[in-house]
Amino acid sequence: MRAAAGGRIPVAQIIGNSALGGVAACILNYYSHMDRERYRFDFFTYGPSPFDEKLHGIDPEAKVFYIPSLDKTFYKAVPALKNLLAEGGYPIVHSHMTTLSAFALHAAKKAGVPVRICHAHSTFDRQSDHWIIKSILRPFAAKDATHLMACGSAAAENLYRARAKEAYILPNAIDLEHFTPDAGEKTALGFSGRLLLFAGRFANQKNLFFLLDAFATARKREAMTLALVGGGEQEQALRAHTEKLGIADSVRFVPPCDPAPYYAAADLFCLPSLYEGFPVVGVEAQSAGLPCLFSDKITREADLCGDNAFLPLDAGVWAEEMLRPRKKTEHPAQILREKHYDICAEAQRLAAYYGAALNGLHG
């Protein structure tokens with residue numbers, strides 16, 4: 001095993017598209033609370049993004065390597081990744097690529113990496129993007145893995161099937177103190193009245209056109225505002241859809257930013273995704289005490305505080321639930337801490353897991 005500069009153990013984190021929010025943010029969150037005197041995370045991504053600057057703000061010595069796309073040009077990506085991993089002498093490769101881990105971990109095995117972790121971050125079904133390809137790759141995702149990991153039992157069962165119980169569950173933990181509710185945020189952000197919130201990528205998976213349709217129906221019966229925090233390829237089409245529905249004056253588009261003040265300001269969080277693993281935004285919202293409306297495609301494990309609804313993708317049903325009064329959760333941080341969502345404690349668990357894996361345990 002080759003140690004990094006300063007005696008630190010290098011861990012290769014393979015994340016692919018670092019511009020996609022949830023997974024990259026989750027891993028950075030763990031690294032910011034990790035034992036960085038013992039471990040150094042290097043990341044393998046598809047190209048430059050704001051992620052790079054955030055990483056170097058945490059650890060200037062961490063490295064980012066750009067590789068060809070594992071989905072579009074795997075025949076180029078596998079040898080390129082194999083060479084980089086071999087040159088880096090990594091004792092651990094942690095792949096966050098779901099079914100594309102089939103390629104990433106094959107490269108790691110060919111490079112002679114002894115600890116190869118396959119991490120399931122999401123579920124998928126027939127409504128998911130690239131369903132056929134994912135289904136074909138699923139049996140091979142963990143073929144070259146020495147260890148299995150998942151964000152929750154639903155993600156483990158979806159990817160690993162019969163081997164799901166072998167997976168180590170690493171929650172999508174967060175900094176609970178950062179999301180402590182602040183009653184003054186609504187006024188500070190310029191909102192008044194009832195505020196609904198979405199935070200995340202403006203992508204097909206998040207089902208935001210449906211959310212706007214449901215909100216438009218609810219808005220006819222009660223004055224309220226919807227804040228969409230994030231960005232993505234659908235933004236212009238979503239803006240046009242608000243105009244078409246006549247709700248443009250009631251929908252505020254907020255560029256990507258720290259969502260904590262918006263969680264504090266909101267009255268209800270909405271996530272009508274077509275598919276998810278274990279949504280980090282759902283954990284953040286509940287940490288701020290927010291009741292949540294989730295689609296019934298999201299695992300019930302996401303109901304951490306017991307104040308949330310899982311709804312079919314019917315706009316009328318969602319509109320009714322948007323209008324239903326709901327109280328915020330009292331002492332949410334205490335509840336989440338007891339359920340292992342405190343990043344300070346969970347980062348220590350991840351460090352211990354790596355150590356045990358290197359000593360031949362777990363797998």
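Quantities reported herein were computed from a predicted structural model and do not represent experimental measurements.
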Compare all side-chain heavy atoms of [X] with those of [Y] and state whether any distance is below 4.5 angstrom.
{"X": "His94", "Y": "His147", "value": "no"}
{"X": "Ser18", "Y": "Ser49", "value": "yes"}
{"X": "Tyr90", "Y": "Val11", "value": "no"}
{"X": "Leu358", "Y": "Ile9", "value": "yes"}
{"X": "Leu28", "Y": "Ile58", "value": "yes"}
{"X": "Leu85", "Y": "Phe44", "value": "yes"}
{"X": "Leu228", "Y": "Leu211", "value": "yes"}
{"X": "Leu170", "Y": "Cys151", "value": "no"}

- Count the heavy atoms of every other residue, nucleotide or ligand shown that sit under 6.0 Å from NZ of Lys328, and state whether that count exceeds 12.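 It does: Lys328 NZ has more than 12 such atoms within range.
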- Message: If you count every heavy atom of other residues, nucleotides or ligands that lies below 6.0 Å from Glu53 atom CD, does the total exceed 12?
- Response: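 For Glu53, atom CD is not crowded (no more than 12 foreign heavy atoms under 6.0 Å).
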- Query: Given Tyr353 and Tyr168, is the ring-ring contact (aromatic ring centres under 6.0 Å, His included) satisfied, shown in steps?
  - Reply: CA-CA 9 Å; Tyr353 183 92; Tyr168 181 83; 4.4 Å; yes
- Item | Aromatic contact, Tyr341 with Phe278 (centres under 6.0 Å) |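 Between Phe278 and Tyr341, which both carry aromatic rings, the centre distance is below 6.0 Å.
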Side-chain donor-acceptor pair present, [X], [Y], cut-off under 3.5 Å:
{"X": "Tyr66", "Y": "Asp52", "answer": "yes"}
{"X": "Gln286", "Y": "Thr329", "answer": "no"}
{"X": "Thr99", "Y": "Arg138", "answer": "no"}

- Message: The test is salt bridge (Lys or Arg N to Asp or Glu O under 4.0 Å); show your working for Glu235 and Arg239 and say whether it passes.
- Response: CA-CA 6 Å; Glu235 182 170 346; Arg239 287 181 179 273; 3.1 Å; yes
- Task: Provide the full list of side chain to side chain donor-acceptor pair (under 3.5 Å) pairs with a residue in residues 179-195, sequence neighbours left out, each pair given once.
- Result: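 Checked against side chain to side chain donor-acceptor pair (under 3.5 Å) - neighbours excluded - the pairs reaching residues 179-195 are Lys186-Asp267.
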- Between Phe198, Phe215, Trp318, which is the residue that forms a ring-ring contact (aromatic ring centres under 6.0 Å, His included) with Phe210?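 That would be Trp318.
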- So is Arg300 actually on top of Phe294's ring, under 6.0 Å and inside 45° of the axis?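 Here Arg300 fails the 6.0 Å and 45° test against Phe294.
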- Message: Does Lys339 form a salt bridge (Lys or Arg N to Asp or Glu O under 4.0 Å) with Glu301? I'd like the steps, not just the answer.
- Response: CA-CA 11 Å; Lys339 295 187 176 182; Glu301 294 175 285; over 6 Å; no
- Could you go through the salt bridge (Lys or Arg N to Asp or Glu O under 4.0 Å) check for Glu157 and Lys165 one step at a time? CA-CA 8 Å; Glu157 290 165 6; Lys165 292 189 183 303; 5.9 Å; no
- Item | Option among Asn17, Leu55, Ile15, Ile14 that satisfies the side chain to side chain contact (heavy atoms under 4.5 Å, CB included) test with Thr45 |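 One option only clears the test, and that one is Ile15.
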